[in-house]
Amino acid sequence: MKKLLLSGAATLALTAQVATAQVDEDAPTGGNMIVTYKDDVATLDPAIGYDWQNWSMIKSLFDGLMGYSPGTTELRNELASDYTISEDGLTHSFTLKDGIKFHNGRVITAEDVKYSLDRVTNPETRSPGAGFFGMIEGFDTWNAGEGDGLSGVKVIDDKTVEITLSRPDATFGHVMALNFASIVPKEAVEASGEDFGREPVGSGAFKLAEWSPGQRVVFERFDDYHRAGVPKLDQVTFEIGLEPTVALLRLQQGQADVPGDGIPPAQFLQVMNNPAQAENVVEGGQLHTGYITLNTQMAPFDNLAVRQAVNMAINKDRIIKIINGRAVPANQPLPPTMPGYADDYEGYAYDPEKAREMLVEAGFADGFETELYVMNVDPNPRIAQAIQQDLKEIGITAEIRSLAQANVIAAGGEADQAPMIWSGGMAWIADFPDPSNFYGPILGCGGAVQGGWNWAWYCNKELDARAAEADAMTGEENAEARLDAWRQIYLDVMADAPWVPVFNEQRFTLTSDRMAGDDSLFADPVHIPVNYDYIYSKDAE
């Protein structure tokens with residue numbers, strides 16, 4: 001997921017077991033929560049919505065067959081009461097819970113599962129998440145607009161659906177927990193047509209009560225939700241059109257509960273130095289890595305020694321100070337909270353003197369000139385200047401190209417346009433907590449295409465083959481071996497040095513005194529920024 005998205009903790013294996021929720025079962029119910037945002041919501045259609053703002057909203061309006069235990073990345077059954085996998089890992093059978101309902105009052109059936117998966121993968125839907133379902137039998141044909149739905153999805157009876165894969169895939173459980181796999185009622189989609197994203201009908205803990213464009217979106221409790229005691233709040237109101245600095249002031253005056261756009265960078269230290277406010281700040285890890293791409297197809301970055309030298313030239317601690325310490329230094333593509341992270345890997349140490357020596361040995365005793373592309377939104381230009389200074393120290397003169405996000409992305413998608421890119425503002429946040437999601441789109445050969453997100457244009461076919469083998473290792477008995485395989489893949493990526501991993505950004509959520517719940521719910525790795533379903537209001541006590 002691009003920085004337009006998501007984040008996390010860790011899960012070691014794909015399981016279908018229900019995990020214990022880290023929530024206060026005795027928390028009072030009732031009350032309202034006010035969340036502020038600068039921009040209006042783009043859509044609440046789970047097949048379409050794919051940004052950090054609407055992701056958690058959609059999760060509270062819709063459910064899929066699978067989900068996550070609150071505050072964690074542990075898979076659990078959601079709408080399914082039972083989930084079995086065949087020994088060969090190809091056939092996945094789901095049995096629906098009894099009596100689960102959509103917001104319109106109709107009971108959900110297996111036909112709704114079939115319809116929803118067909119809809120998200122239908123090219124006419126234009127879903128940005130369609131590709132996640134590529135392991136389902138019949139996907140290629142249906143995605144090409146041929147046939148009549150996913151042949152691998154079969155309705156056995158009203159409560160049972162069977163999904164057959166064309167290849168074993170250890171990520172399938174996570175895919176079925178994505179928003180894109182949410183179950184929707186056909187009659188509501190057809191009645192609303194293109195407006196379904198404004199008139200959503202799901203089966204989540206909340207239902208849409210009001211949407212006044214540019215002003216507010218209001219969710220209210222769904223009394224027939226399939227989990228007892230959920231949600232805790234009666235209502236969540238999203239106030240739209242508030243600049244982050246104004247939103248912070250609203251919270252300080254008791255008129256808001258969570259600034260959805262985060263703590264404004266200019267006010268971050270002010271908030272953290274105020275004991276009363278700092279007490280209400282929850283810090284959480286993200287499945288995020290910020291990095292510099294080195295275009296392996298453009299000279300001189302087609303030279304391994306040059307890429308390794310650049311890795312040793314960057315002072316990551318100094319860059320982290322620019323963002324007020326809201327990150328930890330990175331030394332590999334995976335963030336520390338991602339399964340497969342190599343704890344014992346030290347990476348390339350900051351050593352400008354050694355970096356200069358390597359450039360000399362590589363034939364660049366006089367250094368060279370290059371370009372560094374960066375998104376033109378603070379603090380990214382300042383970070384680019386720090387990188388520029390570090391490169392100057394070893395003899396590399398980098399001209400900064402500070403452009404709008406869309407222009408940087410476009411440049412990265414051309415094989416011969418951007419020698420270096422600082423990914424800030426566009427850096428990768430995982431769609432789901434599995435190491436494979438940090439490889440294919442941004443480091444695999446499949447992403448090294450025009451318009452792709454592999455801006456290093458790095459393609460190691462041997463690693464691609466090993467990645468495919470790792471994802472074919474299904475079942476709990478292979479979980480550790482699979483993580484070991486992915487761990488080694490990323491270490492081998494770092495040996496080739498197509499990136500300079502810079503930092504893993506932390507997330508800071510500020511709340512009002514009225515809101516309560518376990519900290520993990522305010523820094524939920526899946527519901528960004530807040531798990532609205534389980535937090536509660538002290539006013540309800």
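Values in this document were obtained by computation on a predicted structure and should not be read as measured data. Counting begins at 1 with the first residue of the sequence.
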Looking only at atom types and distance, does a side-chain atom of D112 sit under 3.5 Å from a main-chain N or O of I183, one as donor and one as acceptor?
no
Checking R318 side chain against A386 main chain: does a donor-acceptor pair fall under 3.5 Å?
yes
So among [options], which one has a side chain to side chain contact (heavy atoms under 4.5 Å, CB included) with [X]?
X    : options          : answer
F94  : N77, T160, I163  : I163
E162 : V153, T84, T91   : T91
F132 : N437, T171, V120 : N437

What about the rings of [X] and [Y], do their centers lie closer together than 6.0 Å?
X    : Y    : answer
F368 : F301 : yes
W486 : Y439 : yes
F62  : W55  : no
W499 : Y348 : no
W455 : W453 : yes
Y341 : Y490 : no

Looking at N179 and P46, what are the two nearest heavy atoms and their distance?
O-CB, 3.3 Å
Is it true that [X] and [Y] have a side-chain N and a carboxylate O under 4.0 angstrom from each other?
X    : Y    : result
D464 : K461 : no
R119 : D45  : yes
D434 : R482 : yes

Do Y37 and N54 get their side chains close enough for a donor-acceptor pair, meaning under 3.5 Å?
no
Does one side chain, of Q488 or D492, offer a donor that lies under 3.5 Å from an acceptor on the other?
yes
Heavy atoms from other residues, nucleotides or ligands near CD of E346 exceed 12 (cutoff 6.0 Å)
no
Once side-chain hydrogen bond (donor to acceptor under 3.5 Å, both in side chains) is applied, what residue pairs with a partner in residues 129-145 remain, sequence neighbours excluded?
T121-W142
Suppose the criterion is side-chain hydrogen bond (donor to acceptor under 3.5 Å, both in side chains): which pairs have a residue in residues 409-421, not counting sequence neighbours?
E414-Q450
Applying ring pair (Phe, Tyr, Trp, His ring centres under 6.0 Å) to F196 and not counting sequence neighbours gives none
